[in-house]
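So you know, we letter chains A, B, ... as the sequences are listed, proteins then strands, and number each from 1.
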Amino acid sequence: EADIYQTPRYLVIGTGKKITLECSQTMGHDKMYWYQQDPGMELHLIHYSYGVNSTEKGDLSSESTVSRIRTEHFPLTLESARPSHTSQYLCASSFTGGARGANVLTFGAGSRLTVL
Amino acid sequence: QKEVEQDPGPLSVPEGAIVSLNCTYSNSAFQYFMWYRQYSRKGPELLMYTYSSGNKEDGRFTAQVDKSSKYISLFIRDSQPSDSATYLCAMSGYSSASKIIFGSGTRLSIRP
């Protein structure tokens with residue numbers, strides 16, 4: 001049973017629209033992430049957060065923005081969607097109890113965005 | 001050159017076969033090696049992870065790491081149709097703040 005929830009699961013919108021992809025987790029994890037996944041390609045990190053009011057850009061340049069006002073909530077916003085934003089967006093979270101250790105991610109089911 | 005290389009497949013084997021999935025990497029700083037399974041229309045889920053070199057077994061799944069060759073493997077014994085999924089390898093450094101680098105995934109199909 002998923003402890004990290006993404007909505008909407010599927011979204012088809014027109015160019016220029018503003019969209020927000022929601023992500024919530026109930027595990028009390030401190031770290032949260034947004035990845036972009038295209039068919040046959042590796043996951044690319046686009047945003048991450050190590051805690052409330054902390055957000056960083058990832059390795060893949062993205063025109064999206066994120067916020068982390070509450071520990072459990074990490075929404076991603078596109079102010080003006082374009083066809084190049086068509087992709088699957090995966091939200092993930094993890095808990096790190098110390099400086100060392102595997103950073104094991106729990107993923108949501110994904111939000112598939114299509115921009116016409 | 002990508003830090004992590006993974007054959008995208010698709011790989012199709014008959015039920016009951018032993019499956020070998022592999023990744024190579026170039027960054028010698030990687031210490032944690034993970035395997036995720038992703039079913040269609042779902043997010044990836046962690047199968048298992050290993051630290052440094054060696055083997056780790058969990059039921060029908062065995063993960064192997066050969067740091068000298070920068071090569072990791074996931075073996076699936078007695079493969080089942082329910083194992084049909086995309087398998088992604090992932091790697092990170094020693095620190096919990098290290099970036100996680102994913103392979104592109106291998107699509108596996110188990111024929112009944």
Fill in: B:Tyr49 side chain near B:Phe33 side chain, heavy-atom distance below 4.5 Å
no
Discussion item. Need one label for A:Leu105: side chain, backbone, both or neither, based on atoms under 4.5 Å from any heavy atom in chain B.
Written reply: both
Worksheet item: Which atoms of B:Arg107 come close to chain A, meaning under 4.5 Å heavy atom to heavy atom: side chain ones, backbone ones, both, or neither?
Response: neither
Discussion item. Among B:Lys2, B:Glu45, B:Gln6, which residue has the highest count of heavy-atom pairs closer than 4.5 Å to chain A?
Written reply: B:Lys2
Practice prompt. Select one option (side chain, backbone, both, neither) describing which atoms of A:Arg9 are under 4.5 Å from chain B's heavy atoms.
Written response: side chain
Discussion item. Can you tell me which portion of B:Gln31 sits under 4.5 Å from chain A's heavy atoms? Options are side chain, backbone, both or neither.
Written reply: neither
Discussion item. Would you say that A:Tyr35 contacts B:Phe102 through its side chain, given a criterion of any heavy-atom pair below 4.5 Å between the two side chains?
Written reply: yes
Fill in: B:Tyr32 OH to B:Thr50 OG1 distance, which is reported to the nearest 0.5 Å
10.0 Å
Worksheet entry | Heavy atoms of other groups near B:Lys56 NZ, more than 12 under 6.0 Å | yes
Fill in: Min side-chain heavy-atom separation A:Ser64-A:His47 under 4.5 Å
yes
Worksheet item: Considering only heavy atoms, which portion of A:Leu43 lies under 4.5 Å from any heavy atom of chain B: side chain, backbone, both, or neither?
Response: both
Worksheet item: Given a strict heavy-atom distance threshold of 4.5 Å, which part of A:Asp38 is in contact with chain B: side chain, backbone, both, or neither?
Response: neither
Practice prompt. Name the region of A:Gln6, side chain, backbone, both or neither, that has any atom closer than 4.5 Å to a heavy atom of chain B.
Written response: neither
Worksheet entry | A:Lys57 atom NZ, over 12 foreign heavy atoms within 6.0 Å | yes
Worksheet entry | Structural part of B:Tyr39 lying under 4.5 Å from a heavy atom of chain A | neither
Item to complete: Go through the atoms of A:Tyr10 and report whether side chain, backbone, both or neither lie under 4.5 Å from a heavy atom of chain B.
Response: side chain
Worksheet item: Under the criterion side-chain hydrogen bond (donor to acceptor under 3.5 Å, both in side chains), which of B:Lys99, B:Glu3, B:Lys70 is the partner of B:Asn27?
Response: B:Glu3
Discussion item. At a 4.5 Å cut-off on heavy atoms, which part of B:Pro44 comes close to chain A: side chain, backbone, both, or neither?
Written reply: both
Worksheet entry | Any B:Asp66 side-chain heavy atom under 4.5 Å of B:Gln64 side chain | no
